[in-house]
Structures are given as C-alpha cells and as structure tokens.
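Everything below concerns the one structure shown next.
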Amino acid sequence: MKNEKTYELVLLALFTAIIIIMAFTPLGYIPLVVINATIIHIPVILGALFLGPKKGAFLGFVFGFTSFINNTFKAVTASAFVFSPVLAANVVGPSGILKSLYICFVPRILVGVIPYFVYILIQKLLKSEQKVWRIVINGAVSLILFVSLRAFICNLIKNDTGRMIGMAAGLIGGAVLFIVLTLTGWKKTATGTALAYAGIAGAFTNTLFVMSGIFVLYKDAYAQALGIAGDTVIDVIMGIISFNGIVEASVAAILIAGVGMALLQVKPIKAQHSHTNKLIQKI
C-alpha cells in the first residue's frame, strides 16, 4: 500500500510537470494546418483515469493556474481577460474577478473528474451482455469522426468542393470505423473505446464549459474585445465549439486511447469505490 501511494505521488508529480511544460512551451499545441489543437488537457485526463478523480481535479487546477498565469502576464489575445481575474477587474470591474475565476478554473477541474466516470460507464456498457450498447457506442464514436473530418476539411477547403470532399471523407471514415469496432469484440477494443470516450469527454468538458461561461458571463465584453456585434457572439462561440472543439476532442480521443493502452501495461485504471459502482449500476 505504501509503495502504491508513493508510485501515485510520483505519477502525480510527473503529470504536473508535463502540464507546466506544455503550458509554457509550444509542446502544448499540435499544428493542424488551419488551427493549433490544444493538448494540455491530455495529462489531466490521464491523471483522472490512472490516479482517480480527486488527483485528477488537482491536475485540472494546475491546468487552470497555468492558464491564469499565461493570460495575465503574457496576454496575446484581446479576450485574455476572460481567463484572468486581474485583467477582468480592469475590463468589467470587481464582478469580473469571480467570473474569470470560474472560467479559468472550474472547467479545467472538471476535466480531471468527468472523464474518469465516463470511462467506467462505457466499460460497463461495452462489457454488458446487451450487445445493443456496443452498437450504440460504436455508432456515436463513428458519428463524431464523421463530423470531425467534415469540419476539418470544410475549414481547410472553403468552397463547394471542400464541402463535398469533407462529406465523402467523413462518411467513409465513419463507416470504416463503425465496421471495425463492430466486428472486433475483443476486450482490448472495449478498453480502447472507453479510453477514447474519456478523451472526448475531457476535451468537450473544457470547450463547452469555457465557451458557455464566456457567453453567459462575458457576452458584451467578449464582443467588444473581438470587435463584433453582441448578437453575433453566439455564432462565434458555436463556430469554435463545432470546429475547434470537435477537432480537439478527436485528437484527445486518439492520444488518450493510445497512451492509455500503453500505460495500462504498467498500471491499471484507478479502481472505483463502492459508491461509484452503485451510481454506475443505477445508470
């Protein structure tokens, strides 16, 4: 037990160091021609899976703290104030402190919690005797791949040809993935799929909570910072969610599944407590 706790503390320190290095170097981003996909949340999600949601929440806090530092001391965008209580206080007054604290920390802390429970749930559904769950889950992840490929190509080739190529690539990619996942019923496939969903859940948790927080708490200030009309903020936010969010979720799915399968060779997923088991069984 003592060795296990020591091992987990070492792993926690390692994930913390990786987050800090990624946050303050270009290593935290993957260039994808049209955007840079953020991958700083990857060690947070892995920490949640292999160390449990409590330590995952701590790693999420570290992620949020690095965001606070970056946006406060080297703000490179006009909208950096939404992640910095210091800048927000100057832009919208004292009320901005709590608003920016929420946007900067809460979504990132949840990134270290939600993927763990998503993994446990998907694992149980895939291993259940009801094969319909495997079909539903495989269909959902294939749909995500379809939307991702279509969104990526449409933004890369912004014309009718791009839309046609994007639709075709998405349909082919989604269909192939669905067939492969459906025909392979191995235990490792179920684990890999559950890891991929944990990655998707973590990425979307960050994107959805951050962007919804910006819309609810900073709609007018955000519009002014971007130099757009207030009624177009929703369009900008939906664009970020539908493209950046989906691409980053796809990247997270691939990385979490790949790295997670490798880490499983040396350490199992953090065992859930009895109350977590009961909650999953009720679902």
Side-chain angles (χ1 to χ4, degrees), residues 8 11-12 14-16 18-19 22 28 30 37-64 106-128 133-134 136-145 147-148 177 181 184 186-210 241 245-273 276-277 279-281 283:
E8 289 192 353
L11 200 56
L12 180 66
L14 177 62
F15 282 134
T16 301
I18 291 173
I19 292 170
M22 282 184 164
I30 295 180
T38 302
I39 58 171
I40 304 175
H41 51 270
I42 299 300
V44 180
I45 299 171
L46 289 171
L49 295 173
F50 290 92
L51 299 174
K54 291 182 179 179
K55 290 184 175 66
F58 169 77
L59 292 171
F61 175 83
V62 174
F63 176 19
V106 174
R108 280 65 187 277
I109 291 173
L110 291 176
V111 170
V113 177
I114 292 177
Y116 174 83
F117 295 100
V118 170
Y119 173 85
I120 298 299
L121 175 61
I122 297 299
Q123 270 280 67
K124 287 187 175 292
L125 291 178
L126 288 175
K127 290 181 179 180
S128 69
W133 281 115
R134 177 175 287 276
V136 171
I137 292 170
N138 292 345
V141 75
S142 299
L143 178 62
I144 292 172
L145 178 62
V147 175
S148 301
L177 180 61
L181 291 176
T184 55
W186 309 322
K187 181 179 179 181
K188 286 186 177 180
T189 303
T191 301
T193 302
L195 285 169
Y197 267 95
I200 291 170
F204 269 128
T205 294
N206 183 52
T207 301
L208 293 176
F209 276 89
V210 167
I241 292 174
I246 290 174
V247 172
E248 289 179 2
S250 300
V251 172
I254 295 170
L255 291 178
I256 294 298
V259 177
M261 292 298 288
L263 286 177
L264 279 171
Q265 304 303 312
V266 295
K267 190 183 190 307
I269 297 292
K270 184 72 174 181
Q272 68 273 27
H273 299 295
T276 305
N277 268 322
L279 176 62
I280 297 296
Q281 288 172 358
I283 297 176

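One is the number of the first residue; the rest follow in order along the sequence. Heavy atoms only: backbone and side chains are in, while hydrogens, waters and symmetry mates are out. Keep in mind it's a predicted model, so treat the numbers as computed, not measured.
With sequence neighbours excluded, the residues satisfying side-chain contact (heavy atoms from CB on, under 4.5 Å) with T16 are L12, I20, F58, L59, V62. For V259, the side-chain contact (heavy atoms from CB on, under 4.5 Å) partners two or more places apart in sequence, or in a different chain, are L46, L263.
Considering only heavy atoms from C-beta on, T191 comes within 4.5 Å of Y119 through its side chain. Considering only heavy atoms from C-beta on, K267 comes within 4.5 Å of L11 through its side chain.
No more than 12 heavy atoms of other residues, nucleotides or ligands sit less than 6.0 Å from atom CZ of F209.
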For residues 194-205, tabulate all N or O donor-acceptor pairs below 3.5 Å that involve a side-chain atom, not counting sequence neighbours.
residue: Y197; atom: OH; partner: I137; partner atom: O; Å: 2.5
residue: Y197; atom: OH; partner: V141; partner atom: N; Å: 2.9
residue: T205; atom: OG1; partner: A201; partner atom: O; Å: 2.6

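Considering all non-hydrogen atoms of both residues, G260 and F50 come closest at O-CZ, 3.6 Å. V44 and R108 get closest at one heavy-atom pair: CG1-O, 4.3 Å. Minimum interatomic distance between E8 and K55 (heavy atoms only, all atoms of both residues): OE1-NZ, 3.7 Å. Of all heavy-atom pairs spanning L49 and Y116, the tightest one is CD2-CA, 3.9 Å.
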- [ ] Apply the test side chain to side chain contact (heavy atoms under 4.5 Å, CB included) to residues N206 and F63: give CA-CA distance (whole Å), side-chain angles for both, the deciding distance (0.1 Å), then the verdict.
- [x] CA-CA 11 Å; N206 183 52; F63 176 19; 4.2 Å; yes

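Summarising the geometry, atom CD1 belonging to I122 is positioned 14.0 Å from atom CZ belonging to F117; distances are rounded to the nearest 0.5 Å.
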